[in-house]
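Notes to accompany the following structure.
Heavy atoms only: backbone and side chains are in, while hydrogens, waters and symmetry mates are out. In the text below, chain A, chain B and the rest are named by the order of the sequence lines, each starting its count at 1.
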Amino acid sequence: MASSIRVRATANGDITEVQTLIQHPMDTGLVKDSKGELIPAHYIQELKFECNGKDVFVANWGTAVSKDPYVKFSFKGGKKGDDLKISWTDNKGGSDTITAKIA
Amino acid sequence: MKARSAVLLASLSAALVAFALTSPRVVAADKVDPATDAKAFQNFFFQKFPDVKHEDFVNGPYSMNADMKRQWQEKEEFPPYEFALDAGKEMFATPFKNGKTYADCFPNGGIGIRQNYPYFDTKEGKVVTLELALNRCREANGEAPYSYVKDEMASLTAYMAFTSRGKLMDIKIPDDPRALEAFENGKRYFYTRRGQLNFSCASCHVQSPGERIRAEILAPALGILNAMPIYRSEWSGMGTISRRFVTCNSQTRAVPLEPQADEYRDVEYFLSYVANGLPISGPGARP
Amino acid sequence: MTATTGSHPTRRLILQGAASVALLGLGNLPFAPARAAANDKYPEEAFKLKNEADAIKALYGRTAEPSEKVKLDAPEIAENGGVVPISVTTTLDKVTSISFLVAENPNALAASYRIPDGTLPAIANRLKMAKTSNVTAIVEADGKLYSATKEVKVTVGGCGG
Amino acid sequence: MKRSLNLAMLFALSFAPAARAASEADYKAAYAAAEAASKEAAGMRNQWTVTVTALAAAKKAGDSGDFDRAVAASKEAEALAKASIFQANSEKEAWKAMEIR
C-alpha cells in the first residue's frame with residue numbers, strides 16, 4: 001500500500017519549505033454513519049518531522065483538523081539531499097512513517 | 001374536490017399561455033444548430049461577466065468570487081484529490097486478469113484524450129461518456145464494472161483528466177440526425193424545470209452564477225464539466241459527473257435517473273460541446 | 001500511548017500535580033519554567049477542554065495578549081466548514097510554540113505546534129469548524145503569549161434536499 | 001419565479017381534509033389513486049422525491065391501521081404526483097423561454 005504521507009520539501013537557500021498531505025479519516029467521534037451509529041473518534045495526535053537527527057517540527061492535533069490533513073512550515077538548516085523523516089501516530093495506536101529527500 | 005381542481009388547472013394553464021405569449025423568444029427555430037447555440041451560450045457568459053478571463057470559467061465558483069478563489073488556490077498547493085490521482089494512475093496501469101489494461105481500450109493509450117469525451121458513437125447511435133467507456137472496457141475484459149458514483153471510477157477519470165490538463169475541450173457532433181437529436185435532448189434537459197423546487201440546471205447555473213445558495217457560490221454553466229471529476233469538501237471525497245448529476249437532481253427534490261441514463265449522457269454532451277475551446281482543468285477541488 | 005506513561009510514572013505524576021495546581025486557579029503564582037514551553041508530551045487535557053481560555057491556560061499556564069505582530073490569515077466565509085484553510089505568520093522572535101483555537105467548536109483547541117529553534121514561525125493548515133466562530137492563533141515567544149483573532153463565517157451549502 | 005408560485009398554490013390547494021374517520025376501503029382507494037399518479041409521473045421520468053416519501057408514509061400508516069393519516073398521506077402523494085405530471089407537461093414547451101439564443 002502506498003504510504004499515507006505525501007510530502008514536498010524544497011530547499012531554497014538555507015530555508016526548506018515543507019508541505020505534507022496525509023491520508024487519514026480524522027474522525028471526530030461526533031459524526032453518525034448512515035445507520036445512525038456514532039463513528040468512533042480516530043484522528044492523528046502527533047506528527048513529527050526530523051532532519052539531520054533533530055526535531056524540526058512537532059504537530060499535536062485534536063479532532064478539529066480536516067480529513068486528509070495538510071500542514072506547511074519552513075525551517076533552516078536543511079539542504080538539498082538531506083533526509084527528512086516524517087512520522088505520525090493516532091489515538092488508536094495507528095502510525096506511519098517515511099523518509100523523504102529534500103529537493 | 002373534482003370541480004375545484006378543474007377550475008384551478010384551467011386558471012393555471014390560462015396564466016401559462018399568457019406567459020408563453022409575452023416571452024419574446026416564443027418561436028423556436030426548429031432546425032438544431034449546435035455551433036450557433038455554442039456561440040450564443042459562450043457570448044452570454046462572456047458578456048455577463050466581462051472581467052472573467054474566458055479560460056477562468058472552467059474554475060466554476062472560484063471564477064466568481066475572490067475570497068473563494070484564495071481558499072481554492074491555498075487548497076491547490078497540495079490538493080485533496082492527490083490521493084485519487086495516484087490511485088487512478090496505479091489502477092490505470094494495473095492489468096486486468098486477462099493481462100490487458102485500459103490503455104488497450106482507448107485511443108492513444110487513454111493518455112491526453114479526456115477532452116474528446118463524451119463522443120457520439122454512430123454505430124450505437126448514442127452518446128458515449130468517458131465513465132461509460134471505462135466500464136465497457138472493464139466488461140470487455142471480463143472485469144466487473146465500477147459504480148459510476150464511487151471512488152474507483154472517480155480515481156480513473158481523475159487520472160485521465162489529469163493527462164489532458166490544459167488541452168482545450170474538443171467535442172465533435174457528426175453530421176448525423178441522431179447526434180443532433182442527442183444534443184437537442186441534452187439542451188432540453190438542461191433548461192427543463194424539475195423537482196418540487198421547480199428548478200432547472202439553468203435556474204442556478206445560467207440565471208444566478210456567482211450568487212450564493214446558502215454558503216456556496218453557484219458555478220457558471222460554461223465549462224462546468226471541464227474540472228470533473230471533483231473532490232468536494234462537502235462530500236469529503238471524489239465525485240464523478242454521474243454523482244454530481246444525481247445529487248443535483250435530489251437537491252431540487254427530483255428523483256434522480258439511473259447514472260449514465262440517456263438524458264444524463266445527452267446533457268453531458270450538450271454541456272461539453274458548448275464548452276469547446278475552454279481548457280480541461282480536471283481533477284478539480286470544489287467546496 | 002500507554003507505553004510511555006508506564007515507563008515515566010514519576011514524570012506523569014508531577015505533570016498531573018502541576019496541572020491540578022493550575023486548575024486550582026493559583027494562576028498568579030509564577031509558574032516553574034517547566035510549564036513555560038508547551039512540553040513535548042501530547043497535551044491530552046488541553047484538547048479535552050471545551051472552553052478556549054481554559055485550553056490556553058492548560059496548555060501554556062497563562063493568558064495571551066493580542067498583538068499586531070501575529071498575522072492570522074483565515075477566510076471571511078469558509079467555503080466549507082470541513083476544510084477551512086487557516087495560516088499564521090509572526091515577526092516575533094524566539095517563537096517556541098504556535099496553537100490554533102476555534103472558540104465555538106466542541107473542543108476549542110484544534111492544533112498545537114512545537115517550534116524548535118531554526119524553524120520559521122509560520123504555519124498553514126486546514127481545520128474543521130462546527131459553525132461560525134472566532135478563530136484564534138496563539139504564539140508563544142520568549143516565554144510570553146501573543147494572539148490574533150478573526151471571525152470566520154460557516155454555513156451549510158446547497159439548496160436543501 | 002411566478003411560475004413556481006402557481007405550482008406551489010396548485011399543490012397546496014389540493015389537500016382535502018377528510019370529514020369523517022376514514023375506513024380501510026377509503027385508504028385503499030386513495031392509495032390506489034396516488035400510486036397510479038405516481039407511476040405516471042415516474043413513467044414521464046419526472047418523479048418528485050416528496051411524492052415517493054408521501055406514498056411510503058401513506059403505506060406505513062395504512063399498514064398500521066391509522067387510516068385517517070393514511071388517506072391524508074395518499075391524497076398528498078396524489079397531489080404531488082399530479083403536480084409533477086403537470087410540471088413535465090408544461091415544461092415540454094416552457095423550457096424554450098429560458099434558452100440562451
Is it true that, when you exclude C/Glu68 itself, more than 12 heavy atoms of the residues, nucleotides or ligands shown sit nearer than 6.0 Å to its CD? no
Counting only heavy atoms closer than 4.5 Å, note whether A/Leu30 contacts chain C via side chain, backbone, both or neither. side chain
Where does A/Thr63 contact chain C at under 4.5 Å (heavy atoms): side chain, backbone, both or neither? both
Whether over 12 other heavy atoms sit under 6.0 Å from C/Lys69 NZ: no
Highest number of heavy-atom pairs under 4.5 Å with chain A: which of C/Asn107, C/Leu127, C/Asn125? C/Leu127
Surrounding NZ of A/Lys54 (heavy atoms of other residues, nucleotides or ligands, distance under 6.0 Å), is the total greater than 12? yes
Measuring from C/Tyr42:OH to A/Gln45:CD, what's the distance to the nearest 0.5 Å? 4.0 Å
Chain C contact via A/Tyr43 - which portion, at a heavy-atom distance below 4.5 Å: side chain
Under 6.0 Å from the NZ atom of C/Lys150, do we count more than 12 heavy atoms belonging to anything else shown? yes
Is A/Ile44 in contact with chain C via its backbone, its side chain, both, or neither, using a 4.5 Å heavy-atom distance? neither
May I have all residue pairs that pass ring pair (Phe, Tyr, Trp, His ring centres under 6.0 Å) and include part of residues 75-103 of chain A, sequence neighbours excluded? A/His24-A/Trp88
Quick check against the 3.5 Å criterion: does C/Ser112 have a side-chain atom that pairs as donor or acceptor with the backbone of A/Asn60? no
What do you reckon, is CD of C/Glu76 surrounded by more than 12 foreign heavy atoms closer than 6.0 Å? no
For the pair A/Ser74 (side chain) and C/Leu120 (backbone), establish whether a donor and an acceptor sit closer than 3.5 Å, ignoring hydrogens and angles. no
Do NZ/NE/NH1/NH2 and the carboxylate oxygens of C/Arg126 and A/Asp68 come within less than 4.0 Å? no
Shortest non-hydrogen separation from A/Val65 to C/Ala111 and the atoms involved: CG2-CB, 4.3 Å
With a 4.5 angstrom heavy-atom cut-off, is it the side chain or the backbone of C/Pro106 that approaches chain A, or both, or neither? side chain
Which answer fits A/Lys67, side chain, backbone, both or neither, if we ask what part of it has an atom under 4.5 Å from a heavy atom of chain C? backbone
Within 6.0 angstrom of A/Asn52 CG, more than 12 heavy atoms from elsewhere: yes
Contact summary for A/Met26 and C/Lys128, nearest pair of heavy atoms: O-NZ, 2.6 Å
CD1 (A/Ile15) and OG1 (C/Thr119) are apart, to the nearest 0.5 Å, by 11.0 Å
Relative to each other, are the rings of C/Tyr113 and A/Trp61 parallel, tilted or perpendicular (30° and 60° limits)? perpendicular
Shortest non-hydrogen contact from A/Ala64 toward C/Ala110: CB-CB, 3.7 Å
Which portion of C/Ile123 sits near chain A, non-hydrogen atoms under 4.5 angstrom: both
